[in-house]
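Since the structure comes first, as structure tokens, the remarks are kept for the end.
Bear in mind that the values here come from a model prediction, so they are computed numbers and not experimental data. Sequence lines set the chain letters: A, B, ... in the order given, protein chains first and strands last, and positions in each chain run from 1.
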Amino acid sequence: MTCDAGGTGQQEHDSNEKAAAMASYTPAQQEAIDCLDEPLQIIACAGSGKTQVISQRIAAILAQPGVEPRNVIAFTFTEKAAAELKDRILGIVAAERGEIVGMAEMYIGTMHGYCLDLLQRLVPETFKFSVLSDITARLLVDRNSKKSGLTTCPTLPRATQSHLKRYQNSSLFLQAMSVLREDVVDDAQVPEGVAASFHSYMKLLYNHASFDYTEMIHLAVQFLEADPDEDENAAVVQKHVRDDIRYVVVDEYQDVNPLQERLIEGLVRHGANLCVVGDDDQTIYQWRGSQVSNIVTFAERHDGVRRVTLADNFRSSPGIVELGRSIAERVPDGERLPKRMVSAESQEWQRGDLLALSFDDAEGEAAWICDRIEEMRGVPFRDTPDAEPRGLSWSDCSVLFRSVAKDADPLVAELKRRGIPYVVKGLNRLFDTPEVEAVVGIFRFMVQEISAGELRTLWQNAELLPEGYDWPAALDVLEQGRAFEQGGRFGVYNIQRVYLDFLEKLTLREETVPGPEGRGELVYYQLGKFSQVISDFEQIYFTTEPAEKYQSFVSWLTHQAPGYYAESNADVGYAAPDAVTLSTVHQAKGMQWPVVFVPCLRKNRFPSQRHGGLGLFHVLPQEAVEDPDRYRGTVEDETRLFYVAVTRAQKYLNLTYSPGRTTRYRNRSPFFDHCSDQRWVSTRPSTRPLPDRLPAVPRRETPQLTFSFSELKYLFECPYSFKLRFLYGFNPPLHEALGYGKGLHDALAEVHKRAIAGELLDASDAEDLVERHLHTPFAYPELRATLSAAAIKAIRRYFATHGEEIPQTEHSEKQVQVHVAPGITVDGRIDLIRRLDTDELSIVDFKSTDRAQAEEVTRDQLHVYAVGYGELTGENADLVEVLNLDEAGQTTREEIEDSLLTNVHNKIWEAGEALRANDLPRLNSWCDQCDRCDFVALCRDKPASRSRR
DNA sequence: TATCCAGACCTTTTT
DNA sequence: GGTCTGGATA
């Protein structure tokens with residue numbers, strides 16, 4: 001599920017009223033919107049209404065005769081930006097032309113998501129692949145430290161060590177492995193040993209049926225570039241691109257890396273129109289490989305490019321805009337596109353709005369910031385020139401740090417002391433809390449690193465022992481769990497199981513957490529996060545020898561994991577709190593606030609000094625890479641980052657400095673001095689009284705919610721189980737048979753897709769299909785054999801009972817989408833849609849006995865599919881069927897009724913609203929739902945009348 | 001005043 | 001491993 005909880009900053013939209021009244025585009029904006037047939041490059045300065053222009057242009061594309069939504073692709077950099085853009089486009093299209101059919105088939109999202117989707121729709125060999133996160137990729141490499149090529153990867157002579165080391169250098173290794181695929185690399189310059197490591201790593205990835213983030217795009221690009229006569233998959237992919245793709249829009253083009261550039265080229269090679277949107281001044285991710293030269297040389301690389309510059313800033317006062325411009329112009333001319341941002345004067349500038357102040361120490365600085373935040377509360381502010389003024393509130397203020405982790409502490413302490421509500425983003429400290437220390441203690445006890453007494457002390461100190469807790473029972477879970485010599489299979493020694501059982505026996509529920517009101521929620525959030533930590537680890541180490549597995553887990557917890565997992569304690573739920581935002585400048589990209597603080601402007605911090613340590617260029621010679629400096633970070637990069645920080649402010653900007661504790665950070669940042677010299681900026685606070693206060697009104701915003709069908713299913717079944725699963729992050733224990741159901745689905749998907757293409761498979765293909773699609777990484781050998789035999793049988797059975805209907809397949813894995821209300825969208829795929837002999841159109845959902853991902857399909861869910869299908873095709877299906885692939889399985893078949901459809905629509909809407917209000921209660925009493933629930937032990941006791949299974 | 005050297009310190013993060 | 005700082009030295 002993706003959700004822009006917003007909460008903290010307003011997205012870069014000029015508010016919805018403006019969107020509605022936006023008959024008035026500037027000439028430049030209108031030119032961009034109208035240009036549909038030439039390659040278009042939009043240079044969008046900060047606050048220039050970029051998202052609105054893109055949305056309007058896409059609406060114009062869709063309004064052309066003969067253009068269908070599936071002909072359009074729009075890439076954004078984050079899922080959040082995608083949700084925002086999608087909602088805006090749907091809004092415009094609905095207002096201009098009412099609902100249009102097939103919107104689910106317009107791709108708006110990240111390039112990674114697109115490539116994964118493309119592969120898993122068109123290339124059967126990839127159906128079983130799953131995606132590794134940074135964390136799980138690193139676990140995989142460390143677990144297979146030799147096989148992955150990590151420890152055989154040589155370093156260059158000037159490094160202090162000759163090879164990369166397990167654990168210590170795995171993230172560097174992964175960076176190098178990514179750069180080798182993402183960048184333009186001169187193969188001749190890559191040391192032989194590194195090339196060999198790369199080969200090993202790729203082999204490991206494919207053997208594990210896993211993509212890392214880079215590989216999704218890399219593989220898609222290979223299919224786009226390969227000779228279609230030589231590669232069947234390439235032919236299929238390229239045919240799809242040639243037939244379907246007519247418009248490609250790329251947002252944040254300045255952050256595109258060379259591999260992504262190749263993807264874009266591959267998609268438009270057959271004549272699709274390309275529009276790129278970006279601002280070279282806001283490139284802040286070079287260190288991740290993005291290449292500014294893409295945007296600078298775009299016009300040279302394409303014929304007949306129309307270039308439109310959106311220079312009007314609708315966000316900020318002239319003071320902010322001019323200050324921002326002076327910062328951008330610190331970057332030498334040759335490195336940026338010429339442009340001149342001007343203020344559209346949406347905000348008024350007054351002397352004293354922009355301050356640059358020095359303090360003697362960090363405490364003084366923090367105290368002043370808090371004073372200023374309190375002082376700003378209630379100050380009249382107009383969101384747009386024609387809006388009624390309202391009083392500023394907490395959520396109108398944000399504090400942007402170069403490094404939250406290093407610099408935010410004094411301010412956090414002061415905010416806390418004064419009781420000002422705040423939200424911190426980007427803090428890497430989940431593992432510092434006593435609660436998580438106590439949880440880690442569980443596993444340190446299991447490997448006999450600490451005694452039972454010490455464990456209990458940890459839990460006491462963390463204040464996590466509920467009233468009347470049963471310590472011996474809880475301890476017994478751990479004793480049992482560590483009886484490794486009993487010789488059970490690895491699957492028996494399930495870490496997640498132990499963890500959940502321990503919490504159960506301790507009777508630690510959200511409401512039994514000791515302490516003040518609200519602590520239960522925070523603690524449960526931490527416990528849920530930890531459940532995720534376990535999942536990440538077990539996903540890679542599940543099949544390791546139990547004793548070794550627990551030992552590895554503990555050392556991973558102590559040495560590696562603390563660096564990975566961010567805690568954001570106030571982020572529970574979608575209800576946006578009225579609070580001051582503390583965040584890094586990076587995370588503030590795309591946001592705006594009336595009041596912005598940029599504190600701790602110290603030399604060596606902002607701009608940040610260059611980093612030492614074993615780095616990328618100890619593995620790859622820098623000559624192998626084009627423009628190696630971008631991986632190192634330059635002053636110009638920091639300048640652009642500072643530019644981003646300053647241009648977040650709409651009206652009030654407070655730049656402050658205080659010396660840091662160490663000599664290194666004692667001096668003022670040159671950025672601070674630059675700003676002090678600008679005439680818009682005052683170096684003393686104004687003594688002029690602030691205008692009369694209004695009541696503080698927090699900005700209202702509607703968070704974007706997008707959920708999948710399965711998430712919706714949980715929300716319908718039991719809101720509290722949804723909360724445990726998706727808000728807190730609890731994961732059920734991994735099951736040994738995991739992957740069985742997915743494999744069956746995938747095999748049948750291939751059958752149906754081939755049928756659509758006119759190729760009919762039969763029972764004799766069953767083994768081959770299972771071989772290709774069944775991936776059960778957690779099964780022990782006998783189980784794997786059993787599952788494989790069962791799958792073959794199930795598929796043969798399917799051919800026997802439904803073989804005749806296969807030619808009547810209309811769609812397989814059809815992507816559908818239900819747009820329930822502004823900001824609430826449900827996404828999903830329908831397994832199969834087929835025409836029956838009765839000429840009725842039927843929506844089919846496959847079911848299999850895969851305990852770990854049992855899809856208890858409800859009538860509601862099927863009707864959601866029906867609604868989605870209706871929105872997609874404009875045509876209503878007649879039936880919904882659940883087809884059970886089990887031996888004894890029964891097929892159910894039901895007519896679709898209009899009244900049910902309306903009902904479901906309302907029900908989704910209600911569920912979305914409840915989610916936004918954070919109203920996710922438990923079911924009233926124990927019921928069948930609870931019997932099946934993985935987390936019932938975290939929720940309630942089993943009534944005595946229910947017998948144990 | 002210029003130069004040398006020991007010692008301290010070490011960011012950002014989406015997919 | 002690279003960079004910055006400040007005190008020691010020429």
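- Atoms CE (A:Met216) and P (B:dT14) sit 14 Å apart, rounded to a whole Å.
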**OP:** Carefully, step by step, assess A:Tyr253 and A:Phe75 under the rule ring pair (Phe, Tyr, Trp, His ring centres under 6.0 Å).
**Re:** CA-CA 9 Å; A:Tyr253 186 64; A:Phe75 289 131; over 10 Å; no

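- Judged by distance alone, with hydrogens and angles left aside, the side-chain atoms of A:Thr155 form no donor-acceptor pair with the main-chain N or O of A:His618 at under 3.5 Å.
- Screening A:Lys603, A:Arg664, A:Glu638 against A:Gln609 for a side chain to side chain donor-acceptor pair (under 3.5 Å) leaves a single residue, A:Arg664.
- The salt bridge (charged side-chain N to carboxylate O under 4.0 Å, His left out) test applied to A:Arg668 returns A:Asp673, not counting sequence neighbours.
- One can place CG of A:Asp117 at 15 Å from C1' of B:dT15, the figure rounded to the nearest angstrom.
- Using a 4.5 Å cut-off on side-chain heavy atoms (C-beta onward), A:Asn654 and A:Val596 make no contact.
- Side-chain atoms of A:Lys742 do not come within 3.5 Å of backbone N or O of A:His775 as any donor-acceptor pair.
- The CG atom of A:Leu616 sits 14 Å away from the C1' atom of C:dG1 (whole-angstrom rounding).
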Original post:
How would nucleotides 2-9 of chain C be written as a contact map, 5' to 3', with B for base contact, S for sugar-phosphate-only contact and - for no contact, using protein heavy atoms under 4.0 Å?
Top reply: SBBSS---

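- If you check every strand for non-hydrogen atoms under 4.0 Å, A:Tyr665 touches sugar and phosphate atoms only.
- Checking the phosphate oxygens (OP1, OP2) of B:dT14, a side-chain nitrogen or oxygen of A:Gln587 falls inside 4.0 Å.
- Heavy atoms of A:Ser608 sit under 4.0 angstrom from at least one base atom.
- Counting non-hydrogen atoms under 4.0 angstrom, A:Asp134 reaches a base of the nucleic acid.
- Which of B:dT12, B:dT15, B:dT13 sits closest to the side chain of A:Arg288 comes down to B:dT13.
- Judged by distance alone, the side chain of A:Gln526 and the main-chain N or O of A:Val436 form no donor-acceptor pair under 3.5 Å.
- For B:dT13, one of the phosphate oxygens OP1 or OP2 lies less than 4.0 angstrom from a side-chain nitrogen or oxygen of A:Thr584.
- Taking atom CE of A:Met591 as the reference point, atom C1' of B:dT14 lies 14 Å away to the nearest angstrom.
- Across all strands, A:Thr214 comes closer than 4.0 Å to no nucleic acid atom at all (heavy-atom distances).
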